[in-house]
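One structure is given here, and the rest of the page talks about it.
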Amino acid sequence: MQLRASIKAGTIVGATALFFTISGMFNALAGPHIAGVSLSHIILALMGLWGGWLTVRDLMGGEESPPPWQTTLSGALAGIIAGLWIAPLVALASAIDVRYVLDSVTPDTITILSFGRSLPQGVLLLVGGLAVLSMATALLYPYLSRANLQMRQDISTSGLSGPAFFSGRSVRVILPLTLLGLLVVLAPLRLGGYYDHVLGSVGIYVMMGLGLNVVVGFAGLLDLGYVAFFAIGAYAYAFLNSPKYNMHVGFWISLPIVVAIAALGGILLGVPVLRMRGDYLAIVTLGFGEIIRLFLNNLVKLTGGPQGILDIRPPSLPGIDLGNPLAFYYLILVGCVATAFVTSRLDRSRIGRAWAAIREDEDVARAMGIDTVKYKLMAFAIGASFAGIGGSIFASRQAAIFPADFTLMVSINVLCLIIIGGMGSIPGIIAGSVALIGLPEMLRGFSDYRLLIFGALLVIMMVFRPEGLIPSVRRQQEIHEEEEKLGIATAAT
Amino acid sequence: MEATTSKKLSNRSRFNLGSIASMLVAVVVGAFIVWRVGLVITTKHYPMSLWGLQLANGLVLGGVYALLALGYTLVYGILFMINFAHGDVMMIGAYAGFFSLQWLKSQGLVETQPVFSLLFVLFVGMIVAMIVGIVLERLAYRPLRHAPRLVPLISAIGASIFLEQAALRIFGPKLRVYTKPPLIQGGWDIGSTGIFVTRTGVLIMVMSLLMMIGLYVMIQYTKVGKAMRAVAEDQQTAALMGVDVDQVIVFTFALGSFLGGAAGVMLGFHNGQVDFMVGFIPGLKAFTAAVLGGIGNVPGAMFGGVFLGLAESLGPTALGIPSQYKDVIAFSLLVLVLIFRPTGLLGEILSEKKA
């Protein structure tokens with residue numbers, strides 16, 4: 001039993017460390033130093049601590065906790081096992097050149113992992129260091145967890161006896177919201193062009209997320225081809241505005257036209273798929289999105305093909321220049337607020353309740369007299385028109401658009417930000433787009449690895465918090481209700 | 001009275017908006033195909049050898065798609081989950097095959113033991129892909145088995161991105177050139193028709209056919225196969241009958257990834273190169289193939305793969321459109337099949353019952 005806990009923890013930590021090594025993350029992290037120690041060594045040390053923590057948590061899970069000497073020993077063992085995962089690689093890579101296969105294992109990696117020593121010493125230091133650190137957490141764990149428990153109790157009691165003033169809804173909710181609102185409006189003034197641009201991207205994704213949320217979150221229609229409407233919006237505005245067709249229609253006049261075209265596109269997609277449900281719907285919409293992109297790429301005469309459409313003008317208002325990132329940020333902000341307002345009103349309207357009914361059970365909804373065809377098409381059209389607005393803002397901001405801007409990854413990103421933020425929840429979607437679009441942009445320094453981390457985070461998030469960061473109440477209940485039901489079912493078997 | 005109401009209902013449902021729209025789509029698509037094919041037949045006189053070449057090419061591609069599609073269909077049949085990362089599992093298999101090939105070459109075994117080395121490369125690719133598939137199931141899908149359906153889908157998308165990026169970081173961004181062993185270089189002219197068949201193509205067709213037959217026999221006649229079918233039919237009842245559902249699911253993932261690894265190595269030989277994105281488009285295509293044949297249906301996946309391969313290679317010529325549109329043909333086929341036969345060409349009725 002003790003042995004198993006050590007092996008499990010050691011394997012988890014060792015495999016993670018091995019992955020960090022062969023994917024070159026230790027090299028990428030070697031640059032920054034904190035208090036004279038390079039970041040990669042700090043990460044390595046944290047992994048050692050993590051190993052001990054995992055072991056002891058596993059051991060303490062049982063009815064009676066084993067004696068301290070045993071947990072300490074198990075911790076040390078976990079550290080040694082973790083070390084044994086990377087030590088052979090270090091030895092091998094210092095003997096022969098493995099870069100033909102493992103492109104990222106450079107001599108630097110070996111220097112980092114053997115702490116600049118010669119081989120036997122370095123490897124011993126690595127394994128020993130991990131063992132010692134892992135043992136240390138194992139030894140300290142009981143005290144740490146006790147302190148943690150104490151602290152939590154302190155917080156909860158002080159929270160109960162706090163002054164009544166702070167418990168009022170007005171102060172607790174409205175004050176932070178006002179501050180946040182002021183921050184959102186005023187901060188970009190001081191941030192500078194690059195960050196304004198990033199925030200603008202976040203805003204466009206918020207709009208798209210809110211639009212897709214109508215389709216997926218409210219009506220429960222899984223749409224993997226949402227980028228098609230984004231593309232339709234962008235190209236529609238580009239056709240109307242750019243010199244390609246010499247129409248030169250302004251932004252504000254083309255906006256309603258773009259919305260109409262995108263909504264029509266939504267209905268055109270919606271009609272044939274009315275009878276489909278679940279995954280089948282997802283697949284058809286995915287195919288639709290790809291078809292639109294391929295047409296944009298290949299109809300060279302009409303769309304310019306891979307060369308795209310250039311010279312798209314930004315919107316203009318009398319007396320104000322809207323061509324800089326800051327102005328675009330405010331334009332997008334207005335768009336986001338309007339979208340959030342409209343979708344939240346929709347959610348609470350009769351239409352929103354009809355969507356919820358269709359989402360929960362289509363047959364029952366129809367039996368209750370809900371015109372499912374009408375409401376489904378409405379969801380597609382409304383979702384598509386928000387994407388269309390987002391697309392035209394995107395086109396006018398970039399000034400040039402290419403089919404490569406409208407890949408499947410855009411649909412997937414939008415869907416992921418909804419799910420990470422919390423499906424059906426408007427604050428959740430805003431949080432999701434900040435997390436998914438904003439943070440990677442900010443992490444440009446570590447940019448080689450951001451997609452890698454993004455992929456891993458998606459999986460981790462789904463395993464540990466599938467309802468999203470800020471879930472809507474109903475959605476959270478749904479997920480946990482299902483779990484409870486299954487819990488009962490498994491208990492019964 | 002009751003009879004008339006039900007008749008009325010069925011009448012109404014026959015002429016609702018959805019079916020009118022699908023009829024319209026059918027007419028438009030049919031007219032388009034007739035127009036283009038007629039144009040091609042009357043104006044362009046392609047030589048027979050071109051058609052033959054396209055046919056051979058389509059069959060080779062179809063074999064690869066079918067092997068990959070089996071992975072999607074096996075998993076979907078049991079878990080009702082789209083394993084988005086399957087194409088990337090195949091990519092890892094292709095890399096493993098590439099490295100084992102390079103190793104064999106450095107040992108000089110490719111020349112002395114040609115048949116063995118070919119099988120060895122294939123086997124390494126399959127085994128590595130299988131391990132990746134098993135680990136993927138354990139880490140990314142098993143904890144989510146009882147979650148709502150969107151959750152495993154997102155997890156699969158995350159796993160797909162992760163695998164692609166991990167391959168990019170671990171193996172580096174450079175294109176790896178798969179050199180064919182002498183055994184499968186070159187090819188044959190068939191008679192005097194001018195149709196050229198590559199040895200690689202023949203190998204791919206033969207191997208994928210063998211594997212598909214093996215898989216079919218296994219699913220139909222072995223104990224594991226029976227257990228797989230039982231779990232696909234009804235998980236809970238199968239569990240009550242003494243089937244270890246967890247084990248069957250792991251086995252399914254292992255089997256699908258095993259075949260995917262073979263597809264990866266074959267695609268490597270066929271295209272002559274591997275990079276980290278090599279799994280993405282074939283993955284989507286194979287998924288399309290699985291849907292075409294009726295997802296969850298094993299013979300359907302084989303049929304769908306070959307059908308898609310043929311449609312993709314013959315379609316642009318037959319319709320007289322540039323070959324860049326082959327992806328459009330593939331995805332349009334997917335959309336059309338789902339509109340008119342949501343269960344796939346060979347499928348059972350799944351879309352409403354279980355989806």
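Order of the sequence lines sets the chain letters (A, B, ...), proteins ahead of strands, with each chain counted from 1. FYI, side chains are in, hydrogens and waters are out, and symmetry mates aren't considered; it's all heavy atoms of this structure.
- Taking every heavy atom of both residues into account, L333(B) and A311(B) meet most closely at CD2-CB, 3.9 Å.
- Heavy-atom minimum distance, R293(A) versus T407(A): CD-CA, 3.7 Å.
- Considering only heavy-atom pairs separated by less than 4.5 Å from chain A, the leading option among K174(B), E164(B), R176(B) is R176(B).
- The ring pair (Phe, Tyr, Trp, His ring centres under 6.0 Å) test applied to Y95(B) returns F171(B), not counting sequence neighbours.
- Shown here are the ring pair (Phe, Tyr, Trp, His ring centres under 6.0 Å) partners of F26(A), two or more places apart in sequence or in another chain: F20(A).
- When all heavy atoms are compared, the tightest approach of G209(A) to I418(A) is O-CD1, 3.5 Å.
- Within the 4.5 angstrom heavy-atom criterion, only side-chain atoms of F19(A), from C-beta onward, approach chain B.
- Proximity to chain A (any heavy atom under 4.5 Å) is shown, for L168(B), by neither the backbone nor the side chain.
- In this structure, the portion of Q102(B) lying under 4.5 Å from any heavy atom of chain A is its side chain and not its backbone.
- For T303(A) (side chain) and L296(A) (main-chain N/O), a donor-acceptor pair under 3.5 Å exists by modelled atom type.
- In terms of heavy-atom pairs under 4.5 Å with chain B, the best-connected choice from N297(A), V101(A), I22(A) is V101(A).
- At a 4.5 Å heavy-atom cutoff, the contact between I412(A) and chain B is made by side-chain atoms alone.
- Near-neighbour residues of residues 153-161 of chain B relative to chain A, defined by a heavy atom under 4.5 Å from a heavy atom of that chain, comprise L153(B), I154(B), S155(B), I157(B), G158(B), A159(B), I161(B).
- Although no hydrogens or angles enter the test, the distance criterion places no donor-acceptor pair under 3.5 Å between the side chain of S23(A) and the main chain of A166(B).
- In this structure, V337(B) and V291(B) have side chains that are not in contact, with every pair of non-hydrogen atoms separated by 4.5 Å or more.
- In this structure, N83(B) and L136(B) have side chains that are in contact, with non-hydrogen atoms separated by less than 4.5 Å.
- Looking at Y141(B), neither its backbone nor its side chain comes within 4.5 Å of chain A, counting heavy atoms on both sides.
- Neither the backbone nor the side chain of V105(A) comes within contact range of chain B; no heavy atom of the residue lies under 4.5 Å from a heavy atom of that chain.
- Ring geometry, H86(B) versus Y72(B): the interplanar angle exceeds 60°, so the pair is classed perpendicular (tilted spans 30 to 60°).
- Contacts between L408(A) and chain B at a heavy-atom distance below 4.5 Å involve the side chain alone, from C-beta outward.
- In this structure a side-chain-to-backbone donor-acceptor pair under 3.5 Å is present from R359(A) to G217(A).
- For M461(A), no part lies under 4.5 angstrom from a heavy atom of chain B.
- Partners of T237(B) under the side-chain contact (heavy atoms from CB on, under 4.5 Å) rule, at least two apart in sequence or in another chain, are D234(B), M241(B).
- For chain B, no part of L457(A) is nearby; none of its heavy atoms comes within less than 4.5 Å.
- For L299(A), the parts sitting under 4.5 Å from any heavy atom of chain B are the backbone and the side chain alike.
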